[in-house]
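See below for the structure under consideration.
Just so you know, ligand 1 is whichever comes first in the structure, and atom 1 is the first atom listed for that ligand. Just so it is clear, the model here is predicted, and its values are computed rather than measured.
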Amino acid sequence: MPKPIYVLNGPNLNLLGSREPHIYGTTTLDDVRGLCEARAAALGHAIVFRQTNHEGELIDWVQEARTEASAVILNPAGYGHTSIALLDALQTLAIPIIECHLSNPAAREPFRHKTYVALVAKGLVSGFGANSYVLAVEAAAGLVAAASA
Ligand code: CA2
C-alpha cells in the first residue's frame with residue numbers, strides 16, 4: 001500500500017455541522033473523515049485525517065507530510081487567504097497538493113477569492129460540500145497512481 005494521503009483541515013472546521021449550515025452544510029467533520037476513509041479504502045489508500053485551529057501545528061503536519069504522505073489534501077480554511085508561512089511549508093513538498101473547500105470561495109467575499117495555497121496546488125476542488133473531499137481523494141489517488149506508473 002502507498003503512504004497515506006494526508007487530509008489536513010485548518011481553523012474552525014471543527015465546528016462543521018453545528019453552525020452556518022446554509023454555507024457549510026450539516027455534515028460534521030467526523031462524517032467527512034468517514035467519507036474520505038471509505039473512498040480512499042476503495043481505491044487502495046489509507047488516510048490520515050486531522051484538524052487544527054493553530055497555524056504552527058498545521059505547518060508541522062505539512063512538514064511531516066514531506067516524508068510520511070503520498071499526497072496532501074488541504075482545506076486551509078482562513079489560513080489559505082492569509083498565511084505565507086503555510087505557503088512556505090507547502091513549497092517544500094515534492095508530492096501532490098490538492099486544495100479543497102466546502103464552499104466556493106470564488107463566489108463569496110472578495111477577500112476569499114485568492115489563496116496562497118493555489119500557487120502550489122496541483123488542483124482545486126470547491127463548492128461541493130463534503131463531496132469536495134471525496135472528489136479530492138479521487139484526484140489524489142489518481143495522481144499517486146500516475147506518479148508510480
Ligand atoms: O469553504 C471552505 O471550506 C472554506 O475553507 C471554509 C473557511 C473559509 O475561511 C474559506 O474561505 C472557505 C471557514 C471555515 C469555517 O468553518 C466553519 C464551519 C462551520 C461553522 C462555522 C465555521
Side-chain angles (χ1 to χ4, degrees), residues 3-43 45-66 68-144:
K3 290 178 184 175
I5 296 168
Y6 274 34
V7 184
L8 303 180
N9 295 278
N12 299 306
L13 287 164
N14 54 308
L15 300 176
L16 198 59
S18 67
R19 295 185 49 214
E20 303 192 66
H22 56 294
I23 302 175
Y24 299 117
T26 53
T27 309
T28 68
L29 198 61
D30 217 41
D31 295 333
V32 174
R33 175 203 303 270
L35 291 169
C36 288
E37 286 174 350
R39 193 68 193 114
L43 295 168
H45 290 265
I47 290 284
V48 169
F49 191 100
R50 296 180 187 156
Q51 186 275 332
T52 181
N53 291 330
H54 305 281
E55 185 176 13
E57 188 166 37
L58 193 54
I59 289 167
D60 285 344
W61 292 343
V62 169
Q63 291 187 10
E64 179 184 310
R66 296 174 68 218
E68 303 306 316
S70 61
V72 172
I73 295 168
L74 176 61
N75 185 345
Y79 287 144
H81 309 300
T82 63
S83 178
I84 292 170
L86 178 60
L87 172 63
D88 287 339
L90 291 167
Q91 282 176 328
T92 71
L93 294 183
I95 54 176
I97 300 162
I98 296 166
E99 184 173 354
C100 178
H101 296 279
L102 295 149
S103 67
N104 178 3
R108 299 179 63 191
E109 304 97 319
F111 62 82
R112 297 186 199 275
H113 292 182
K114 291 258 159 76
T115 73
Y116 290 111
V117 176
L119 293 170
V120 290
K122 189 83 182 163
L124 164 71
V125 187
S126 67
F128 300 104
N131 204 37
S132 290
Y133 284 78
V134 177
L135 295 168
V137 167
E138 291 173 0
L143 290 167
V144 172

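The distance criterion of under 3.5 Å between nitrogen or oxygen atoms is met by L102 with respect to ligand 1. Of the N or O atoms in R108, none lie within a sub-3.5 Å distance of an N or O in ligand 1. Considering backbone and side-chain atoms together, S103 places an N or O closer than 3.5 Å to an N or O of ligand 1.
Within ligand 1, counting atoms from 1 as listed, the ones closer than 4.0 Å to a heavy atom of R19 are 19 (C), 20 (C). Here is the list of ligand 1 atoms found below 4.0 Å of a heavy atom in H81: 10 (C), 11 (O). Close approach of ligand 1 to G78 (heavy-atom distance below 4.0 Å) involves ligand atoms 9 (O). Residue E20 approaches ligand 1 through these ligand atoms, each under 4.0 Å from one of its heavy atoms: 21 (C). Taking a cut-off of under 4.0 Å to the non-hydrogen atoms of R112, the atoms of ligand 1 that pass are 8 (C), 9 (O), 10 (C), 11 (O).
Residue-level proximity to ligand 1 for N75 is carried by the side chain, the only part with a heavy atom below 4.0 angstrom.
Tested against L16 for a side-chain contact (heavy atoms from CB on, under 4.5 Å), the candidates T26, L29, D30 yield a single pass: L29.
Looking at heavy atoms from C-beta onward, E55 lies out of side-chain contact with T82 at the 4.5 angstrom threshold. Counting heavy atoms from C-beta on, the side chains of L90 and L119 never come closer than 4.5 Å. Counting heavy atoms from C-beta outward, L8 and V72 have side chains that approach closer than 4.5 Å.
Ranking protein heavy atoms by distance to atom 12 (C) of ligand 1, first place goes to H101 ND1, 3.6 Å. Remark: minimum distance from atom 16 (O) of ligand 1 to any protein heavy atom is reached at N12 O, 3.4 Å. Of all protein heavy atoms, the one lying nearest to atom 13 (C) of ligand 1 is Y24 OH, 3.3 Å.
Note that the CD atom of Q91 and the CG atom of L93 stand 10.0 Å from one another [nearest 0.5 Å].
Closest approach of C100 to P76, counting heavy atoms only: O-CD, 4.2 Å. Minimum heavy-atom separation, E64 to Y6: OE2-OH, 2.6 Å.
Distances from atom 14 (C) of ligand 1 to the heavy atoms of L16, L13, N104, T28 put L13 nearest.
Annotation: R66, atom CZ; neighbour count of heavy atoms from other residues, nucleotides and ligands within 6.0 Å does not exceed 12.
N9 and Y133 share a donor-acceptor pair across their side chains, judged by distance under 3.5 Å alone.
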